[in-house]
Amino acid sequence: MPAPQLFTDPAAWQARCHAARDSGVRLALVPTMGYLHDGHRSLLREARRRADQGGRRGLALATIFVNPTQFGPTEDLSRYPRDLTGDLATCAEAGIDLVLAPPDPDLMFAPDHQSWVDVEQASQGLCGASRPGHFRGVATVVAKLFNLTRPHLALFGEKDWQQLAVIRAMVRDLAFGIEVVGMPIVREADGLARSSRNAYLEPGQRQSALSLSRSLFEARDAAAGGQRQSAALVAAARARIEAAGARIDYVEVVHPHTLQPVAEAAPGSVMLLAAFVGTTRLIDNTVLQ
Ligand code: PAF
């Protein structure tokens, strides 16, 4: 596959994408923070597939930008892993046509930037409770990327379930007119959900990290076997994770769209969790059948 065309200037990207859209080309966008892994690969390939429609080739687009506004002051912004060369190779393999990778955060957020998107309800609780301002940063950068790109559709991973709910609410409330596609979690062979932050895990911590997915699989099996009480499902998951030495941020069973906690799991309810393995914060989830 040929290398994608790289844009570093958001204004040049905007001109290119808007001209394509105005001439009837279908645009599929994958916003990322880079350090691309197999989870991103599935999004990029799906973008390629969905950009092309009715025998017409569309444009498959990816953005790579470590967005400072979604990191708290004590979070891992400065050490967030980066590998633009590797990411461009991954985009090329997946058939991505254009990549926007602004090298300087000021290109996206000028020093006097003052406009923010706050998705009030979906941003509350769960990750929103332990990462104040996180979803405001996510919604704002995604809104900006949507305006710069004007895609027909945009793809996001379901691992960030709450993020997906925030983006869906924003797109609906502010009438972006963009189809938001959620793609299933991609896991390592041992069950660990793929994440750029897995790169932080030391070998000994990996076993501990596995308790997250294992506790979710156990909950899924227990729910399928008739255990409907969220409290019991959560207690079992907490016990497994704590026994593995990870520090729980939250474990909750929620409604898939409202993200409100449910006392009784119903088909489609989602168990969501976040935990620290050492200093690395990992998230994962599963839909309960
Ligand atoms: O999921 C991510 O990688 C980021 O939160 C996103 C959506 C690219 C916004 O910075």
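From a predicted model like this one, the values you see are computed outputs, not experimental measurements. Counting starts at 1 for both ligands and their atoms, in listed order.
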Would you mind checking if Arg48 and Asp52 are paired as a salt bridge, meaning a charged N to carboxylate O distance below 4.0 Å?
-> yes
Charged N to carboxylate O below 4.0 Å: is that the case for Arg247 and Glu242?
->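 No, no charged N to carboxylate O under 4.0 Å.
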Indicate the ring-plane relationship of His113 and Phe109, choosing parallel, tilted or perpendicular according to the 30° and 60° boundaries.
-> perpendicular
Quick one: nearest non-hydrogen protein atom to atom 1 (O) of ligand 1, plus distance?
-> Gln163 NE2, 2.8 Å
Any sub-3.5 Å donor-acceptor pair from Ser196's side-chain atoms to Tyr35's backbone N or O?
->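 Confirmed, Ser196 side chain pairs with Tyr35 backbone.
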Would you mind running through ligand 1 and noting each atom that sits below 4.0 Å from a heavy atom of [X]?
| X | result |
| --- | --- |
| Thr32 | 8 (C) |
| Gln70 | 4 (C), 5 (O), 9 (C), 10 (O) |
| Val141 | 9 (C), 10 (O) |

Are there more than 12 heavy atoms of other residues, nucleotides or ligands under 6.0 Å from atom NE2 of His255?
->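 Yes, enclosed.
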Counting only heavy atoms, which portion of Ile167 has something under 4.0 Å from ligand 1: side chain, backbone, both, or neither?
->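 Neither part.
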